[in-house]
Structures are given as structure tokens and as C-alpha cells.
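Just below is one structure, and these are the notes that go with it.
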Amino acid sequence: MDYQPSAIEKKWRQFWKENKVYKTNNESDKPKYYVLDMFPYPSGAGLHVGHPLGYIASDIFARYKRLQGFNVLHPMGYDAFGLPAEQYAIQTGVHPAVSTAENMARYRDQLDNLGFCFDWDRQVNTSDPNYYKWTQSIFLKIFGHYYDNKTQKATAISDLITIFEQEGNFNVEAATSQEELFTADYWKALSPREQEDILMNYRLAYRKTSYVNWCEELGTVLANDEVKDGVSERGGYPVTKKPMLQWALRITAYAERLLTGLDNVEFSDALKTQQQNWIGRSQGAKVFFEIDQHDEKIEVFTTRPDTIYGATFMVLAPEHELVQHLTTADNKTAIAEYLAYTNSRSERDRMADVKTVTGAFTGAYAVNPASGKPMPIWIADYVLAGYGTGAIMAVPSGDERDARFAEKFGLGIIQVIDQSAHEGAEIGDKVGTLINSGELNGLKVKAAIKKAIYILEEKGIGEGKINYRLRDANFSRQRYWGEPFPIQYDKNNVPHAVTDLPVELPKLDNFKPTKEGKAPLARATDWVNEGGMTREIDTMPGFAGSSWYFLRYMDPENMEEMFSEKAVNYWQQVDLYVGGAEHAVGHLMYSRFWHKFLYDLGFVPTKEPYKKLVNQGMLQGVIEFAYVLKEKQDGQMVFVSADKIQEYEGQEMTQIPVLIDFVSDYGSDSSYLSAEGIEQFRNWRSDYKNAQYITNAAGNLVTHSEVGKISKSKYNVINPDDVVAEYGADCFRLYEMFLGPIEDSKPWDVKGITGVSKFLRKLWALFYNEDQLLVTKEKATKAELKALHTVIKKINHDVEQFSFNTCVAAFMIAVNDLRKLNCHKEEILTPLILLLAPFAPFTTEELWHKLGNEGSIHAYGQYPKHDEHYLVESTVEYPICINGKKKTTATFEATATKDELEKQTLALEEVQALIAGKTVRKVIVVPKRMVNIVVG
RNA sequence: GCCCCUGUGGCGGAAUUGGUAGACGCGCUGGAUUCAAAAUCCAGUUCUUUCGGGAGUGGGAGUUCGAUUCUCCCCGGGGGCACCA
């Protein structure tokens with residue numbers, strides 16, 4: 001019988017389904033293990049060959065753990081809210097729920113086709129009201145809590161209100177944007193609206209004005225991704241920043257815990273540093289500067305309070321709230337002009353152009369609290385509104401940017417650090433001795449920083465402070481296809497929690513924003529005004545549903561709770577999380593934040609959601625381009641073969657991606673459109689129908705290949721189903737693992753798959769010859785046992801290391817060895833297929849049954865362990881080296897110790913001849929490797 | 001500019017973590033089989049050579065008996081952050 005993957009795979013897919021082989025229970029005598037994949041967004045393009053890379057790896061690991069006797073949770077679901085479905089709806093009128101359901105069904109088919117061991121009874125869908133009911137419920141919990149810095153814990157807002165009623169906010173230490181202090185009497189006298197405004201400064205989910213990318217022409221808010229060079233990606237219309245009252249999550253309250261928590265998880269160093277940079281902790285001081293003729297003070301953050309004597313001017317971000325207020329009459333025009341200038345520059349322009357120094361003087365002066373000298377107050381866009389306080393004290397003798405600014409505008413420079421004793425050191429290195437700095441003179445930088453903070457605190461004009469780059473997360477989206485907020489506003493615009501959950505998305509047939517630019521949900525007027533109040537019409541962002549889905553898998557059908565205490569106490573946390581590095585900061589940071597919040601409230605027993613994380617690299621594709629002349633000729637497009645473009649020198653060319661199905665020798669350097677391919681290409685788009693095609697001598701249009709993202713818009717999506725149809729799912733799985741280390745990005749290339757395909761047929765041939773089953777009960781020889789145990793040792797080691805490419809190589813070697821030994825013995829083959837079962841589930845299931853076993857190999861629960869006994873030789877041949885150069889070889893007892901080997905080596909006549917007359921300095925014995933004699 | 005990762009045959013990539021560099025696969029070259037092709041099988045395949053060897057893991061130094069592996073400098077590729085006070 002030939003190896004026929006399609007027949008085998010169909011059979012076992014059915015068997016697994018009927019017998020619920022992968023059903024996981026929340027109760028078991030076995031130890032638990034939780035393997036999680038980042039769930040996909042079910043896009044219209046379907047699954048492509050890149051998606052399964054991580055899924056295959058985690059599937060192998062899950063099956064491996066199951067065979068080792070663990071109770072493995074390995075679920076899958078869909079991150080089903082998102083922009084593409086909404087845009088599709090706007091274009092076609094198909095409701096996002098409908099297109100999403102279709103896409104999910106397609107994904108499911110494609111995933112099943114690859115033989116994954118997901119427990120589909122636990123499927124989660126973030127757009128299902130039974131799921132987002134709990135997302136809304138968590139939001140309300142966040143809304144109902146503030147962060148108490150004393151206990152380092154989320155605490156109920158009701159507790160805070162009690163404190164306010166008893167003693168005001170004098171003793172409250174919280175993560176807050178509340179600056180004013182107030183008494184209990186003051187609090188009690190406030191209107192509900194005023195009280196709520198204050199509470200908003202404490203709530204972990206709160207409303208604040210933030211800026212969005214607004215496109216007047218499209219009448220909608222755009223994501224950063226949708227804005228290119230200051231204009232909308234669609235249509236190229238201008239985009240401006242528009243202030244909008246939006247929900248935000250106070251993730252900054254958890255900055256320190258998110259940072260220190262990294263010490264206790266197994267993430268790659270690269271990922272940890274990325275998260276550390278994102279949080280961006282820096283230690284310094286906040287300092288208040290008085291302003292001449294004004295009551296307000298300017299607050300700045302500085303990491304170098306020691307340089308305060310060198311602060312000769314101040315710079316505010318153009319968006320700083322005091323700018324208008326401080327500007328004097330004669331400077332109004334200049335400031336207005338500068339504000340107009342910065343407003344015209346997109347964020348990208350501002351970032352790209354670091355060299356140009358710009359700014360404007362407000363006419364106002366602050367006072368240097370240390371030296372008492374006046375400091376002109378300027379505005380400049382090198383100071384960012386979003387970082388620190390949006391204002392700096394400028395120390396031109398210390399900071400390079402301040403120096404450039406002072407130089408350009410002729411502002412004073414005072415040297416405050418003597419670095420003569422520290423040649424070549426930068427000020428940022430925190431070395432040197434303070435000069436021109438009053439009481440700080442003579443101190444080393446580190447000591448000066450401490451003393452400066454002490455003095456600031458003593459004078460009551462500043463204090464030591466830790467600043468984070470991390471910003472609170474914007475939590476509002478002006479979209480339809482997301483979780484509605486469970487919030488209603490009363491007539492005083494005070495938000496109230498809606499406790500009757502879920503708040504379901506109302507049905508709409510138009511998903512565009514309203515004419516006034518309001519979010520699409522404003523169209524559902526009855527829904528908005530239900531119950532005499534006004535509903536929040538924004539929806540939650542994509543990261544809401546994905547921030548806790550791994551917990552729902554533990555108890556997905558629970559209608560009373562998010563998940564039961566029992567379930568979460570059993571599964572604890574994700575043991576292994578596999579997913580793309582593109583989520584390094586966004587999703588991972590937000591879900592860690594939510595998890596810590598739930599921990600504070602006692603819902604989860606662990607501080608971190610993920611114990612270990614593996615980032616799989618991106619599988620890239622080859623994009624095929626056809627060259628086309630920029631200028632049409634006689635109204636027609638002219639396509640030019642890549643090997644003929646020299647003939648068109650001086651004429652501008654552009655490249656158009658070509659659907660790879662038309663391309664011959666796809667992916668190679670010499671890919672081309674044959675006459676037939678050109679014909680298909682002509683019929684692809686009406687524009688190309690009558691175009692001219694300048695082909696080469698062979699009549700082909702040579703295309704240009706580039707490695708890039710696999711994407712629908714690049715026409716290079718390869719459906720795994722097609723590969724599976726040709727080679728089988730097991731071959732596909734093994735091949736994707738064989739491509740290289742799981743963390744590396746690499747281009748998809750089908751060239752090498754024949755090698756893996758051959759391997760599977762060779763494996764099959766160990767069992768079958770034509771129709772005859774070759775397997776015997778004969779006792780295995782020593783050589784056969786050695787071949788087997790070598791591979792067992794290797795596989796167990798590599799699977800733990802997540803090194804699957806080397807596993808596949810080891811299998812190939814084992815099968816080749818057994819073929820050479822003509823081994824068809826059950827004693828050898830049973831462990832071999834057990835070993836292979838995680839990698840090639842269908843084939844091994846078939847062979848397992850052929851060996852007369854019942855049930856599923858994947859539920860067997862006894863992964864083979866290697867026995868060192870079979871690997872030990874009686875004698876070992878050692879290379880003998882003199883000073884590292886191999887001179888001869890000698891055979892020794894395998895059991896010989898290092899000392900014995902050394903003695904025996906030196907006793908050899910041949911060796912004595914080699915070292916004749918020279919002094920032996922030392923003998924180095926590397927077990928099982930070599931003996932090196934160092935002479936001379 | 002800063003941070004992280006990375007550089008090995010024609011290609012994807014191995015190297016037990018300092019111990020025989022190039023496992024395994026692709027490709028290529030021979031050969032067997034075949035009327036022929038596909039498929040399959042066997043052998044070879046880092047470069048160089050006067051067939052003794054010699055060189056060799058981006059380049060240069062260093063540590064070591066010994067370096068793809070550790071240290072420093074430089075160059076190239078990828079990713080992240082970005083006027084961060």
C-alpha cells in the first residue's frame with residue numbers, strides 16, 4: 001500500500017472528532033499544562049501559509065506534553081472585532097457579523113485541515129455577546145476602581161468616596177491626575193457632576209480629552225496606520241488633529257509592576273528590553289518654576305536636577321496649556337505664526353527633521369529658583385507635549401539639543417560640570433564635578449543629584465520623582481464593530497454604569513459615521529436614548545477583547561461568571577504562549593495590565609498571565625512585480641520584461657504586483673510570465689487587456705521578485721490547503737518546522753518540501769512493501785537500538801528547546817539508518833512513531849493502528865525516554881592532537897576515566913615518538929572528543 | 001542617534017554551548033533502473049592545490065593548548081524606540 005496522505009488524514013480527522021480525542025477536562029489526576037496561541041483575526045483573505053507556523057509549533061508542544069502525561073489545555077478562538085470587517089461592511093453593506101462568521105468558518109476548515117489538537121468546545125469569539133458581556137464587565141470593574149499607591153493595589157472607588165467624605169483627599173496617595181487638595185466639607189458641597197469630575201481623575205478607566213486623527217473629507221477618525229504623510233491613505237485627504245473627549249485606561253498606575261514583573265517571566269531578552277523601553281522608567285525630580293507677573297508655576301521633570309544652576313531658559317511644548325496665557329502682546333504674532341507652523345507639520349515631519357532648530361519667544365520670564373536669574377520662556381516643538389510635563393528647564397551646557405537652541409537664538413550658556421578630570425565623558429554619563437553651582441560646587445554628579453533633590457524638597461519647590469514614558473491607553477474608538485461601552489450619561493453628563501449586561505451592539509444598516517462626524521452608533525437613536533439617558537456611542541478598541549481571552553478558555557461556557565474560581569485555580573496561568581513579535585508591546589502589555597488588575601481584585605491567582613513566551617518569526621512571501629512605463633503610449637500601458645528594461649533607460653518605470661498564480665518559476669530569480677501567463681494577466685484587469693507587452697526573445701515577460709509580507713494586496717497569498725492537497729498535512733507541518741528556527745523570519749519557499757515528502761514515504765516503507773505489512777516481532781539488534789535511542793535523546797532535548805528544525809533532521813537520520821539496517825521491527829518502530837506523533841499526527845495515527853493498537857496514539861500518555869545504555873560503545877576512537885593539531889588516533893575503553901585516558905595516551909609509543917624531547921606542559925582530555933597534548 | 005537581534009557553502013540552515021565546522025534538506029554532478037521521462041536508488045558536492053597539503057564561519061585585533069562560540073573595534077543585514085528633558 002502506498003502512502004496516501006489525503007485518505008489517511010480524512011479518516012483520522014473524522015475519528016478524532018467522533019471520539020473527542022482532544023476534549024480537555026477541568027478535572028484530572030494529571031498535572032496541567034496550558035499551551036496558548038495568539039488567536040487570529042478572521043480576515044477575508046483566509047489563512048495563509050504564514051499563520052500556521054506558530055500554530056504548528058505550539059501544536060507539537062501540546063501533543064508532546066499530552067504524550068508525557070499532562071492534562072493539556074490547548075484552545076483556539078477568534079479575535080473577531082476589527083476594522084477590516086467594518087470597512088468591508090461600508091463597501092458592500094454586508095453586516096460585519098455575517099462576514100466575520102463566514103471568515104471564521106473558513107478559518108476553522110483550514111485549521112482542521114492541518115490536524116491541530118485544539119479543543120474546539122472551548123472556542124472563544126470576542127464579538128459574541130456571551131463573551132463581550134464579560135469584557136464589558138471587566139471594563140466596569142476598571143471604571144469602578146482607582147489605584148492606591150500605599151497598598152500598590154486597585155481599590156474600589158466607593159472606598160475612595162468614603163475617605164473623601166471623612167477627610168477630603170489630603171491623605172490619599174493614588175495614581176491620579178487630581179492636583180488640587182480639598183476637605184471633606186468641600187467634597188460634600190459639590191454637585192454630583194463636580195464630584196464625578198474629581199472621581200474621573202482617580203478612576204482607572206476615565207474620560208479625558210485626547211487628540212485623534214480627523215479627516216474632514218472622509219468625515220471620520222483614522223488610525224495612525226491609515227494616515228500616510230499627513231494625508232489619509234484612502235483618497236489622500238488632509239488629516240488634522242482634533243480634540244475629543246475619550247475613554248482612557250490608567251495603565252501608568254501599573255508601570256512599575258509591569259516593569260518588575262518582567263523579572264519573573266520567560267520572555268526573550270529582545271522582548272523584555274522592548275517592553276522596558278516602552279515603559280521607559282527614568283529617575284529624576286520635578287521642579288516648579290515661578291513666572292514673573294503670573295501666579296501659575298511651570299512644572300518640569302528633569303533627570304539632572306544637579307544642573308539647575310545651568311538652566312538659562314525654559315521651553316514649553318507648543319501644545320502646553322500656559323502658552324496663550326503667558327504670551328505677551330508684542331509676541332502674539334510670532335507665537336501664532338509658530339503655532340501655525342508646527343500645526344502644519346505632521347508628527348512624521350517633526351520626527352524626521354531633527355536638525356532644524358525652530359522656536360518662538362513668549363515674552364514671559366521664569367525665575368531660576370537656584371540662581372535667582374531670569375529665564376526667558378520659549379516654545380519649541382522639540383519639547384513633546386506627551387512626555388513628562390510638556391515643559392523643560394533648558395541646560396545648554398549639558399544637553400545637546402538645548403545647546404543648539406541656545407546657540408541659534410543667542411541664549412545664555414553657563415558651564416556647571418567640570419569634566420576635565422574625565423576626558424571624553426559625556427554629560428549623560430553622570431561623571432564630572434559641579435562648578436558655578438553654589439552649594440553644589442565640588443560635588444560629583446551622583447552626589448549632586450541627591451543634594452539638589454534634598455534642597456528642592458526643603459525649599460518646597462520640587463521633589464524626587466520617577467517618570468515613565470508609558471502613556472495611558474486610549475480606550476475609545478469611533479467605530480461600529482467593537483464592544484459597546486456599558487455606560488450611559490445622565491442629563492448632567494455624569495457617566496453611569498449599565499449593569500444589565502451584555503449591552504449588545506444595535507443592528508445598523510449604515511456603518512459610516514454620521515454627517516456631523518459622530519461615531520456610527522449615533523445612528524441607532526432609539527438605542528442611544530434608551531431609559532431616559534444617553535448611551536456612550538464610542539466602542540472599545542481591539543485590545544479589549546484580547547486582553548483576557550486566555551482566561552475565558554478556562555471556563556468558556558460559564559453564564560454566571562467570567563470564569564469560575566475553581567477553573568482558574570486549576571489552570572492558573574498560560575504555561576506557554578506562542579505568537580508573533582508584532583504584538584510585543586501592544587497586546588502583551590495590555591493583557592499583562594488587565595491580568596494584574598484582576599489579580600488585585602482576587603479574580604486570578606497569578607501575577608502574570610504568561611509564564612513563558614515564544615515569538616515566532618514572520619513567514620514572508622515573494623512578491624512578483626511587472627515593470628511598466630510610467631507614461632502610457634497611445635493611451636495604453638506598456639509592460640516591459642525585466643531583462644529588457646535597459647533599452648528603456650531614461651524612461652520612468654513603476655512596478656505592479658502580479659498575482660503569483662500567473663507566474664512561472666515563482667520565487668526564483670528568473671520568474672516570468674509565459675505567453676499563457678500574460679494571457680491570464682490580460683484578463684485579470686480591464687486596464688491590462690489591451691496593454692502592450694514587451695517580451696524577451698523567448699516570448700516571456702520576466703518579472704522582478706522581492707521578499708516581502710504575504711498579503712492580499714501583494715497577490716502572493718498561498719493557501720495552505722493547496723499545499724496540503726498536494727503533499728498532505730503532515731508533510732506541510734514537518735516542512736514548515738524544517739524551514740529554520742521558529743523565531744526567525746524567512747521567506748516561504750516550496751522548493752525543499754520534496755525532501756520532507758520523501759522522508760514520509762521512506763518512513764512508510766519501513767512498515768509496508770507494496771501491500772504487505774513488513775513489521776515483525778523480532779528482537780532488535782544493538783545497532784537498531786542505538787539508532788532509536790540516539791533519536792529519542794535528540795528529540796526530547798530539542799522539543800524542550802523549541803528547536804523543531806533539528807528534530808525533523810534527526811527523524812530523517814533515524815529513518816535512513818533503519819532503512820540501511822533493513823529494520824522492520826515493532827520494538828523499534830513503536831517508539832519511533834510515538835516520537836513522531838506530535839509532528840505528523842495523521843500518519844503516525846495510521847501506523848499506530850497498523851501495529852495493532854487501540855485508541856489514539858495522541859492520548860497514549862507515554863512518551864519514549866532514551867536509555868543511555870544503548871548509546872555507550874565498548875571502545876571509543878580518540879583523535880590525538882599535539883598542540884591542537886590532529887596527529888594520530890587511538891582506541892580506548894569507553895569506560896576509561898579522564899586520568900586513565902591521559903596515562904594511556906602518554907604510554908603509546910607513537911605518541912612518545914611525536915613528543916620526543918619536548919616538554920609536555922599539559923594533557924587535555926575532552927570526553928568522547930579528543931585528547932590534546934600541549935608541548936613546548 | 002539610542003536599544004535589541006543577526007552575519008557560516010550555490011540556497012535554507014546544523015554544530016551537544018569553548019573541543020574533528022558545514023549535520024539534515026534543497027540544488028547541482030556523475031552512475032544504476034527505464035524504449036524514454038517521471039519517480040526511485042547509489043556515489044560525490046566549502047574553496048584551493050603542484051594531490052604532500054593550504055585556507056576557511058562579514059573584516060581586524062585579543063584571551064586560550066584550542067574560538068562559528070568569549071572580549072574589544074570596524075563593516076553589512078533585520079527589528080524596535082525615537083528631539084524622552
Side-chain angles (χ1 to χ4, degrees), chain A residues 268-278 280 282 284 287 300-305 307 311 314-315 317 347 350-358 380-384 386-395 398-402 404-405 428 467-469 581-582 584-585 615 617-618 668-669 734-735 738-741 743-747 749-759 761-762 765 793-794 797-798 801 803 805-814 816 819 878-879 881-886 889 920-936:
Chain A
S268 69
D269 286 346
L271 192 94
K272 281 187 184 181
T273 42
Q274 223 173 303
Q275 293 214 355
Q276 281 160 1
N277 290 341
W278 190 258
S282 58
V287 188
V300 306
F301 173 78
T302 174
T303 54
R304 297 297 304 274
T307 62
M314 305 207 68
V315 186
E347 223 165 293
R350 274 169 70 164
M351 283 190 276
D353 183 15
V354 183
K355 297 270 141 58
T356 325
V357 180
T358 61
D381 63 6
Y382 81 88
V383 174
L384 305 173
Y387 182 75
T389 62
I392 61 157
M393 63 174 210
V395 184
D399 186 278
E400 210 183 302
R401 287 154 305 150
D402 294 349
R404 279 204 300 264
F405 197 83
N467 192 54
Y468 298 94
R469 203 179 71 93
E582 65 272 22
V585 278
N615 279 133
M618 218 183 16
S668 77
D669 292 341
L734 282 165
Y735 180 59
F738 189 56
L739 278 173
E743 299 90 347
D744 291 1
S745 286
K746 55 230 150 195
D749 176 355
V750 81
K751 276 204 301 264
I753 201 168
T754 51
V756 176
S757 184
K758 267 187 224 168
F759 158 73
R761 288 200 298 269
K762 286 177 186 173
K793 186 178 182 178
K794 176 82 177 148
H797 176 264
D798 287 356
Q801 303 292 315
S803 173
N805 55 333
T806 53
C807 285
V808 181
F811 284 131
M812 289 175 173
I813 296 170
N816 275 335
R819 271 163 57 84
Y878 279 78
C881 307
I882 306 290
N883 287 350
K885 297 221 169 187
K886 184 180 164 187
T889 57
V920 175
R921 281 174 47 205
K922 60 177 152 175
V923 180
I924 297 143
V925 178
V926 184
K928 292 181 189 171
R929 278 287 169 205
M930 62 166 340
V931 181
N932 187 22
I933 302 163
V934 185
V935 298

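Here the structure is a predicted model, which means the values were calculated and not measured. So you know, we letter chains A, B, ... as the sequences are listed, proteins then strands, and number each from 1.
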[M] and [N], which share atom name [atom1], separated by this distance in whole Å:
| N | M | atom1 | answer |
| --- | --- | --- | --- |
| rG13(B) | rG25(B) | C1' | 9 Å |
| rG52(B) | rA37(B) | P | 38 Å |
| rG78(B) | rA23(B) | C1' | 26 Å |
| rA67(B) | rG56(B) | P | 11 Å |
| rC24(B) | rG44(B) | P | 11 Å |
| rG7(B) | rU69(B) | C1' | 14 Å |
| rA38(B) | rA32(B) | C1' | 16 Å |
| rG10(B) | rA82(B) | P | 41 Å |

Nearest to the side chain of [X] - [options]?
| X | options | value |
| --- | --- | --- |
| Arg819(A) | rC65(B), rA85(B), rC41(B) | rC41(B) |
| Ala809(A) | rA85(B), rA23(B), rC81(B) | rA23(B) |
| Phe738(A) | rC83(B), rG13(B), rG25(B) | rG25(B) |
| Asn932(A) | rU40(B), rC41(B), rG19(B) | rG19(B) |
| Arg761(A) | rU40(B), rC81(B), rG25(B) | rU40(B) |
| Gln274(A) | rG80(B), rC81(B), rA23(B) | rG80(B) |
| Thr273(A) | rA85(B), rC3(B), rG25(B) | rC3(B) |

Between [N] atom [atom2] and [X] atom [atom1], what is the distance in whole Å?
| X | N | atom1 | atom2 | answer |
| --- | --- | --- | --- | --- |
| Leu384(A) | rA82(B) | CG | P | 10 Å |
| Trp278(A) | rC4(B) | CH2 | C1' | 16 Å |
| Ile813(A) | rA14(B) | CD1 | C1' | 9 Å |
| Asp798(A) | rG13(B) | CG | P | 17 Å |
| Lys751(A) | rC28(B) | NZ | P | 10 Å |
| Arg404(A) | rC83(B) | CZ | C1' | 8 Å |
| Lys758(A) | rG25(B) | NZ | P | 9 Å |

Anti versus syn assignment for rU8(B), with syn defined as within 90° of 0: anti

Gln276(A) CD to Leu271(A) CG distance, which is reported to the nearest 0.5 Å: 10.0 Å

Interatomic spacing from OH in Tyr468(A) to CZ in Phe301(A) - rounded to 0.5 Å: 10.0 Å

Below 4.0 angstrom from OP1 or OP2 of [N], is there any side-chain N or O of [X]?
| X | N | result |
| --- | --- | --- |
| Tyr382(A) | rA85(B) | no |
| Arg401(A) | rA85(B) | no |
| Arg469(A) | rA82(B) | yes |

Residue pair Val395(A) / Thr302(A), side-chain heavy-atom distance below 4.5 Å: no

Side chain proximity check, Met812(A) to Val756(A), heavy atoms < 4.5 angstrom: yes

Could you tell me the Watson-Crick or G-U partner of [N], where both distances fall under 3.5 Å? Say none if there is no partner.
| N | value |
| --- | --- |
| rG52(B) | none |
| rA14(B) | none |
| rG22(B) | none |
| rU29(B) | rA43(B) |
| rU57(B) | none |
| rG7(B) | rC75(B) |

Pairwise 5' ranking along RNA chain B for Thr806(A) and Phe301(A), keeping only the more 5' one: Thr806(A)

Comparing Ile924(A) and Asn805(A) on RNA chain B - which has the more 5′ nearest nucleotide: Asn805(A)

Test salt bridge (Lys or Arg N to Asp or Glu O under 4.0 Å) applied to Asp749(A) and Lys751(A), step by step: CA-CA 6 Å; Asp749(A) 176 355; Lys751(A) 276 204 301 264; 3.3 Å; yes

Ion pair Asp399(A)/Arg401(A), N-O distance below 4.0 Å: yes

What contact category does [X] fall into here, base, sugar-phosphate, or nothing, at under 4.0 angstrom with non-hydrogen atoms?
| X | result |
| --- | --- |
| Met930(A) | base |
| Lys794(A) | nothing |
| Lys762(A) | sugar-phosphate |
| Pro741(A) | sugar-phosphate |
| Asn816(A) | sugar-phosphate |
| Thr754(A) | sugar-phosphate |

Asn277(A) (side chain) and rC3(B) (base): donor-acceptor pair under 3.5 Å: no

